[in-house]
Amino acid sequence: MARKASLSGYLELLPAERFAELHVLDTLREVFEAHGFSPLETRAVETVETLLQKGEIDQEIYAISRLQEEERSGREAKLALRFDNTVPFARYVTENAGHLAFPFRRYQIQKVWRGERPQAGRFREFSQADIDIVGDGALPFRCDVEIVVVMARALEALRIGDFTLRVNNRKLSEGFYRTIGLTNTPAALRVVDKLEKIGPLRVAEELRETAGASAEQAELALQLAQIRTSDCTFADKVRQLAGDRPADLLQQGLDELTELMSELNARVPGRAVADLSIARGLDYYTGTVVETVLHGHEDLGSICSGGRYESLASAGKRVFPGVGLSIGVTRLLSALISSGELASSRSVPTVVYVTLRSDDDWGPAQDVADQLRRRGISAEVALSAEKFGKQIKYADRRGIPYVWFTDELGRHEVKDIRSGSQESVDPSSWAPPTEDLTPQIIRKTEGL
RNA sequence: GUGGGUGUAGCUCAGCUGGUAGAGCAUCGCGUUGUGGUCGCGAGGGUCGCGGGUUCAAGCCCCGUCACUCACCCCA
C-alpha cells in the first residue's frame, strides 16, 4: 500500500502522486490508440444477474442498495458494482452489436470493486486498463498475438523496469491431460497454477488427491507444468512427454502457442516466456492465457493478465469470441510509488508564481499571468503581498520552478528557484525550457 | 470468510512493576522590519481509536467494539 488510508483498500493519492498516475494513464492511452483501439467506458453498475452469468458465484461482489429501501424493491433488478472490465464489456457488446463493426477493438480504463480482504497490492477499489478484440462468430488467432504485443509495448512505454509476460495455452494443457487420461482438467489446472507457490512436491500430491490423477499422471502433469522456454522449443518437450497419440486439442494448443511465441520473439524480443504452469483461475478462458511479473516486484503477483475467451458474450445464436489483457494500474502504481521508483517533480501544475509587490498589484499581476497562460505556461498569482521571502517559500514548498517579480516601473524579472538565478524578461515572450512546462515524472528504475 | 499483530501530536515513534503525556521531523513566529533553502531561539499542536469495567488513581490491567495491518483463500 502506498500510504496509510483511513479506509483500507481504497487508495487515495496526493497531487504529486496523481500526476504520476496520469502520466501512466496517458502513456497507456497513447499506445492503445496507436494500435487502433477505440476508447470505451461502461457504467459502474451491472445487474447481479449479468455479473454472475459465468459461474463465479463467489466474486466478492458489492451489491448496491438505497438506504431507504422501498417495499417494492424486490421487483427491481438487483444491482452491483462491476468487479472487472471484461464482463461489463461483454454485456455492452451484445447490447450494441448492431452498432459496432467486428472485429471490434477497444481499450477501457476504469475503476472496479472487489470485496476481498485488502493487502499490499490488493485493493477493494482499483483501476484496470483493458484491451480486447471481439469478433462476431469467429476471431483469428492473430488477435491473440496482437493483444499480447500491444500490452508488451504498453508496459515498455511505461519504462517501469524489466518485466516478463508468461504465456500458455489452455488447449495445450487440457489436450495434454486428455492425452494421458487425466479427465478432471479444471481441477488439474487449478492445482498446477499453484506450482510457484507450493512447489512441485505438493503439486504432485494435490494432483493425486484433488484431481484424481494416478501417480504416473501426476508426474507427467507436473513435468509439463515445469516446462519453461523463452523460444519455441517447449513444443518438442511437450511432444516427448505426450508420447505417440496426442489429442487433437493438444496439437491445436501447441500450434497456437508456437505461433504466439515466435511472433512475440520477433516483435517484442525478450519480453515473453512460454510457461506451461500458467493456467488462470477464471474459468472463461479457453486458449491463450497470460500473466506478467514485474522484476523486483515478484511478490506483487501478476500486474497484467488475461487471455482468450471463446464464448463470454452471446446474443441468441450469435457468439462473440474475444481476447484481452488487463493491466492492474492501481496495483502497479501503488507499488512503484511506495518503493520510490515513480514520482513527480512537483505537486502543482504551476510553472510560474507571480508575486505581489503590493496588494494593489493583483490586477496587473493577473495580466502578466494571462500572457503566460495564453502561451501554455501555467501560472498562479499570489493572494496577498507578503514579504518576498514568504512568497518565494510558498512557491518552493509546492515545487513551482519559477517566481515572477515586477518592479514599481513595470520591469519584469523571473527567478529560477532551483538555481537562484534571476534575469530580466518580457512576459509576452519568455518561456521556460519545455521540460519545466509540466511536472516531470521521476523514475528510479534500473534497466529500460 | 479464517487466524495472528497493532492503534499515543500532521509523520515516525518513546512512555519502566498503573501515579494525570514526551522526543525527532514537520508547521508557525522571531533573529534577518520585502528575495526562500542553512543556522540559532521560541511557540502552537494530543477526547492516548471508541465504549464499558477493575482501582484512591488507567496510555498501561480486564471485557467489548471499530479501524489498520500481515498470512490463508482468491485475484489486477
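None of these values were measured; they are calculated from a predicted model. Heavy-atom basis, side chains included; hydrogens, waters and symmetry copies ignored. Here is the naming used below: chain letters follow the sequence lines, and residue numbers restart at 1 for every chain.
Look at the P atom in both B/U8 and B/G59: the space between them is 15 Å, to the nearest Å. Rounded to the nearest Å, the gap between the P atom of B/U20 and that of B/U54 is 22 Å. Straight-line distance between the P atoms of B/A57 and B/U69: roughly 37 Å, to the nearest whole Å. Remark: the separation of the C1' atoms in B/G64 and B/C75 is 34 Å, to the nearest Å. Straight-line distance between the P atoms of B/G31 and B/C25: roughly 22 Å, to the nearest whole Å. Comparing the C1' positions of B/C50 and B/G36 gives an interatomic distance of 44 Å, to the nearest angstrom. Rounded to a whole angstrom, the distance from the P atom of B/C61 to that of B/U38 is 41 Å.
Here A/Arg114 does not reach the OP1 or OP2 of B/C73: none of its side-chain N or O atoms lies under 4.0 Å away. Dashed line: the shortest gap from a side-chain N or O of A/Lys197 to OP1 or OP2 of B/C73 is under 4.0 Å. Checking the phosphate oxygens (OP1, OP2) of B/A76, no side-chain nitrogen or oxygen of A/Ser326 falls inside 4.0 Å. Between B/G29 and A/Lys390, a contact under 4.0 Å exists linking OP1 or OP2 to a side-chain N or O. At the phosphate of B/A71, OP1 or OP2 sits under 4.0 Å from a side-chain N or O atom of A/Gln119.
You won't find any donor-acceptor pair under 3.5 Å spanning the side chain of A/Arg117 and the base of B/C72, going by distance alone. Scanning atom types as modelled, no donor and acceptor separated by under 3.5 angstrom connect the side chain of A/Gln391 and the base of B/U35. For A/Arg122 against B/C74, a side-chain-to-base donor-acceptor contact under 3.5 Å is present.
Using a 4.5 Å cut-off on side-chain heavy atoms (C-beta onward), A/Phe102 and A/Leu100 make contact.
One distance of note links CE of A/Met151 with SG of A/Cys304; it measures 4.5 Å at 0.5 Å rounding.
Between the C1' atom of B/G1 and the OH atom of A/Tyr62 lies a distance of 13 Å, rounded to the nearest Å. The interatomic distance linking A/Arg190 (CZ) with B/C74 (P) rounds to 6 Å, in whole Å. B/C28 atom C1' lies 12 Å from atom CD of A/Glu386, rounded to whole Å. One interatomic measurement links the two molecules: CZ of A/Arg202 to C1' of B/C72, which rounds to 11 Å at whole-angstrom precision. Rounded to an integer number of Å, the gap from A/Phe83 CZ to B/C75 P is 11 Å. To the nearest angstrom, C1' of B/U35 lies 14 Å from CG of A/Asp416.
Heavy atoms of other residues, nucleotides or ligands lying less than 6.0 angstrom from CZ of A/Arg142 number 12 at most. The environment of CH2 in A/Trp430 is crowded: more than 12 heavy-atom neighbours from other residues, nucleotides or ligands sit within 6.0 Å. With a 6.0 Å radius and a threshold of 12 heavy atoms from other residues, nucleotides or ligands, A/Arg373 has its CZ atom above the threshold.
Closest approach to the A/Ile392 side chain among B/A76, B/G36, B/C74 is made by B/G36 (side chain taken as heavy atoms from C-beta onward). Side-chain proximity of A/Lys387 to B/C30, B/C70, B/U35: nearest is B/C30. Among the nucleotides B/G36, B/A76, B/C70, the one closest to the side chain of A/Glu116 is B/A76. The side chain of A/Phe405 lies closest to B/U35, out of B/U35, B/C74, B/C70. Distances were taken from every side-chain heavy atom of A/Lys415 (C-beta onward) to each of B/U35, B/C68, B/C75; the shortest belongs to B/U35.
Within the 3.5 Å criterion, the main-chain N or O of A/Thr406 finds a donor-acceptor partner in the side chain of A/Arg357.
Looking at heavy-atom distances under 4.0 Å, A/Ile417 makes contact with a base. Counting non-hydrogen atoms under 4.0 angstrom, A/Gly301 reaches nothing in the nucleic acid. Using a 4.0 Å heavy-atom cutoff across all strands shown, A/Arg124 reaches no nucleic acid atom at all. Base engagement by A/Leu356 is indicated by at least one non-hydrogen atom pair under 4.0 Å involving a base atom.
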(request) Give the intermediate values and the outcome of salt bridge (charged side-chain N to carboxylate O under 4.0 Å, His left out) for residues A/Glu206 and A/Arg208. (result) CA-CA 5 Å; A/Glu206 286 195 25; A/Arg208 289 192 300 271; over 6 Å; no
(request) Report the C-alpha distance between A/Asp162 and A/Arg271 in whole Å, list the side-chain angles of each, state the deciding distance to 0.1 Å, and finish with yes or no for salt bridge (charged side-chain N to carboxylate O under 4.0 Å, His left out). (result) CA-CA 8 Å; A/Asp162 208 5; A/Arg271 293 307 187 187; 2.7 Å; yes
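Taking the 5.5 Å centre cut-off and the 30° plane limit, the aromatic side chain of A/Phe126 is classed as stacked on B/A76.
The 5' end of RNA chain B is approached more closely, in terms of each residue's nearest nucleotide, by A/Ile198 than by the other of A/Ser302 and A/Ile198.
Closest heavy-atom contact between A/Gly270 and A/Asn265: N-OD1, 4.3 Å.
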(request) Fill in the dot-bracket string of RNA chain B, one character per base: . for unpaired, | for a pair to another strand, ( ) or [ ] for pairs within the strand, taking Watson-Crick or G-U pairs under 3.5 Å. (result) (((((((..((((.....[..)))).(((((.......))))).....(((((..]....))))))))))))....
